[in-house]
Amino acid sequence: MNRKPHVAVVGATGAVGIEMIKTLEKRNFPVGKLTLLASARSVGKKLTYRGAEITVAELTKDSFAGIDIALFSAGGSISKEYAPIAVQAGCVVVDNSSAFRMDEKVPLVVPEINASDVKWHKGIIANPNCTTAITLMALYPLHAAFTCKRIFASSYQAVSGTGAKAIAELERQVDQVVKGQPVTREVYPHQIAFNVLPHVDSFLPTGYTKEEMKMEGEGRKIMHHPMFRASVTCVRVPVYRAHSVAVSAEFDKPVTVEAALAVLKKAPGLDVVDNPAKCEYPLPLYQSDKYNCAVGRLRKDCALDNGLCFWVSGDQLLKGAALNAVQIAEELIKGS
Ligand code: A2P
């Protein structure tokens with residue numbers, strides 16, 4: 001393409017959509033024109049991009065004429081309905097929902113891991129689940145060095161992963177608790193303020209949730225590692241932003257903390273923060289608004305052979321969503 005692409009953000013008013021707009025600007029993505037789309041509720045709302053106000057338009061079947069790249073983050077049902085329409089109109093879709101991630105005809109990409117998969121897209125490229133992306137930022141370099149057999153993991157997921165309404169719910173509930181008022185709920189099945197919920201996404205007949213199984217399914221596809229196994233418990237915590245994951249990983253090859261640190265220090269998009277003596281380890285509060293994920297608390301796993309424990313934190317609105325989507329778009333225009 002010899003002109004700057006016309007880019008659309010679908011779900012522009014949402015928690016991820018807002019970050020997509022900011023990320024396009026911050027990374028100086030060569031946007032020719034930016035179109036912002038959301039539901040009828042947001043029509044006329046103005047959002048700022050590069051100092052100029054852009055009016056949000058309603059997403060319709062006719063929204064994609066002339067658009068080159070559309071970043072979707074308006075939920076799975078919107079993606080299922082509108083991504084094929086966008087592709088039909090000649091647009092390449094980078095989809096943040098789970099709708100197409102496991103579709104064999106759709107690449108699922110974390111650019112630091114499998115950027116070259118972008119090349120075989122047929123119109124849609126999927127952005128991974130946020131917890132999976134953040135975990136793989138630390139796990140994949142270790143897998144490349146020591147061959148990961150399986151992981152056991154627990155996540156600590158921020159409310160912004162559920163969208164703007166969940167951020168408002170946490171704020172409201174904290175205020176209600178502090179004022180001694182009855183706590184009201186709209187988003188989560190239980191109070192999230194001053195609580196943790198071992199329940200992210202819907203339950204499957206196995207007892208795991210869909211979110212928990214994304215780590216294994218998406219991890220296999222992204223790492224090109226069909227034998228990878230993952231047993232995960234996903235937990236929602238009253239944190240505004242940035243997810244954390246405690247991981248115990250078992251490898252084929254022997255692994256030491258020193259060798260793992262040497263690998264992780266060279267990994268792209270990852271900072272090592274690991275000085276427990278000084279109380280230094282990755283924290284979601286400090287990872288918020290950062291592009292890089294951070295890994296720490298490295299130790300030999302005392303219950304696994306060739307095992308390593310680590311703790312990884314990352315901004316799920318960025319590396320887990322908006323940043324990764326923009327990085328995919330960057331790969332796309334590199335190849336055009
Ligand atoms: P709107 O703000 O108009 O509802 P979040 O994940 O933070 O809740 O954001 C969801 C995003 O998806 C918002 O931008 C929201 O727009 C958008 N969205 C939700 N439903 C639709 C729809 N039916 N058509 C287009 N966009 C939608």
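Note that the structure is a prediction, hence the values are computed from the model and not measured. For ligands, and for the atoms within them, numbers begin at 1 and follow the listed sequence. Values below: all heavy atoms of this structure, side chains included; hydrogens, waters and symmetry mates excluded.
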[X], any N or O under 3.5 Å of ligand 1 N or O:
X      : result
Gly163 : no
Leu59  : no
Ile78  : no
Ser39  : yes
Val16  : no

Near Asp305 CG, under 6.0 Å, is it more than 12 heavy atoms from other residues, nucleotides or ligands? no
Taking atom NZ as the centre, does Lys300 end up with more than 12 heavy-atom neighbours from other residues, nucleotides or ligands that are less than 6.0 angstrom away? yes
Mark up the atoms of ligand 1 that fall under 4.0 Å of a heavy atom belonging to [X], in ascending order.
X      : answer
Ala164 : 5 (P), 7 (O), 8 (O)
Ser42  : 1 (P), 2 (O), 3 (O)
Ser73  : 11 (C), 12 (O)
Arg41  : 4 (O), 19 (C), 20 (N)
Ala12  : 14 (O)
Thr13  : 1 (P), 2 (O), 3 (O), 13 (C), 14 (O), 15 (C), 16 (O)

What protein heavy atom lies closest to atom 9 (O) of ligand 1? Include the residue and the distance to one decimal. Gly14 CA, 3.2 Å
Starting from atom 18 (N) of ligand 1, locate the nearest protein heavy atom and write down its residue, its atom name and how far away it is, to 0.1 Å. Ala74 CB, 3.9 Å
Under 3.5 Å, is there a donor-acceptor pair between the His243 and Ser155 side chains? no
Side-chain donor-acceptor contact under 3.5 Å, Thr13 with Arg41: no
Heavy-atom nearest option to atom 7 (O) of ligand 1, drawn from Gly75, Ser97, Ser160, Ala15: Ala15
Is the ring centre of Phe29 less than 6.0 Å from the ring centre of Tyr49? no
The side-chain contact (heavy atoms from CB on, under 4.5 Å) partner of Phe100 among Val106, Ile125, Asn127, Leu108 is Val106
Rounded to the nearest 0.5 Å, how far does CZ of Phe228 lie from CE of Met215? 7.0 Å
Check this for me, if you would: do Glu330 and Arg27 make a salt bridge, where the nitrogen-to-carboxylate-oxygen distance has to be below 4.0 angstrom? yes
Strictly below 4.0 Å, N to O, side chains only: are Lys221 and Asp117 in salt-bridge contact? no
